[in-house]
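Predicted, not measured: the structure shown is a model, and the values here were computed from it. All values below were derived from every heavy atom in this structure, side-chain atoms included, with hydrogens, water molecules and symmetry-related copies excluded.
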Amino acid sequence: MGFGRNPYVPKAQAAEQKAQEAPDETARARAYREAAHEWDRAAEREKPGKMRSEYEAHAVRTRELAGE
């Protein structure tokens, strides 16, 4: 990981990938909730602006996919 990189972005992306490959609906929902949590953590590390807004939007989208 490079200096200044947000460590939660790859974790969120991995959780989304896991959700897409999930064998059943329960596992898929759980993985999407995990992804949303990681996107929230990624957003918290960013200063207000474009990247923070983008990460927050990802969190909202993944929560919708999880059925929350």
Task: Test item: R5 and P10 side chains (from C-beta on) under 4.5 Å apart, heavy atoms - done: no

Open item on the list: Applying the side chain to side chain contact (heavy atoms under 4.5 Å, CB included) criterion to Y8, which one of E44, R41, H37 satisfies it?
Closed with: R41

- [ ] List for me each residue that meets salt bridge (charged side-chain N to carboxylate O under 4.0 Å, His left out) alongside E64, sequence neighbours excluded, and say none if there are none.
- [x] none

Task: K18 atom NZ: more than 12 heavy-atom contacts under 6.0 Å - done: no

- [ ] Might you work through the salt bridge (Lys or Arg N to Asp or Glu O under 4.0 Å) test for R30 and E34, ending with a clear yes or no?
- [x] CA-CA 6 Å; R30 186 179 314 122; E34 177 186 343; over 6 Å; no

- [ ] Quick one: list whatever passes salt bridge (charged side-chain N to carboxylate O under 4.0 Å, His left out) with R61, sequence neighbours left out.
- [x] E16

- [ ] Grab the two heavy atoms, one from N6 and one from A42, that are nearest each other, plus how far apart they are.
- [x] ND2-O, 2.8 Å

- [ ] Just jot down the side-chain contact (heavy atoms from CB on, under 4.5 Å) partners of E54, sequence neighbours excluded, or say none.
- [x] M51, H58

Open item on the list: Can you confirm whether W39 sits close enough to V9 that some side-chain heavy atom of one is under 4.5 Å from a side-chain heavy atom of the other?
Closed with: yes

Open item on the list: So, taking the atom named OH in Y55 and the one named CD in E38, what distance separates them when rounded to the nearest 0.5 Å?
Closed with: 12.5 Å

Task: Over all atoms of both residues, closest heavy-atom pair of A43 and E56 - done: CB-CG, 3.7 Å

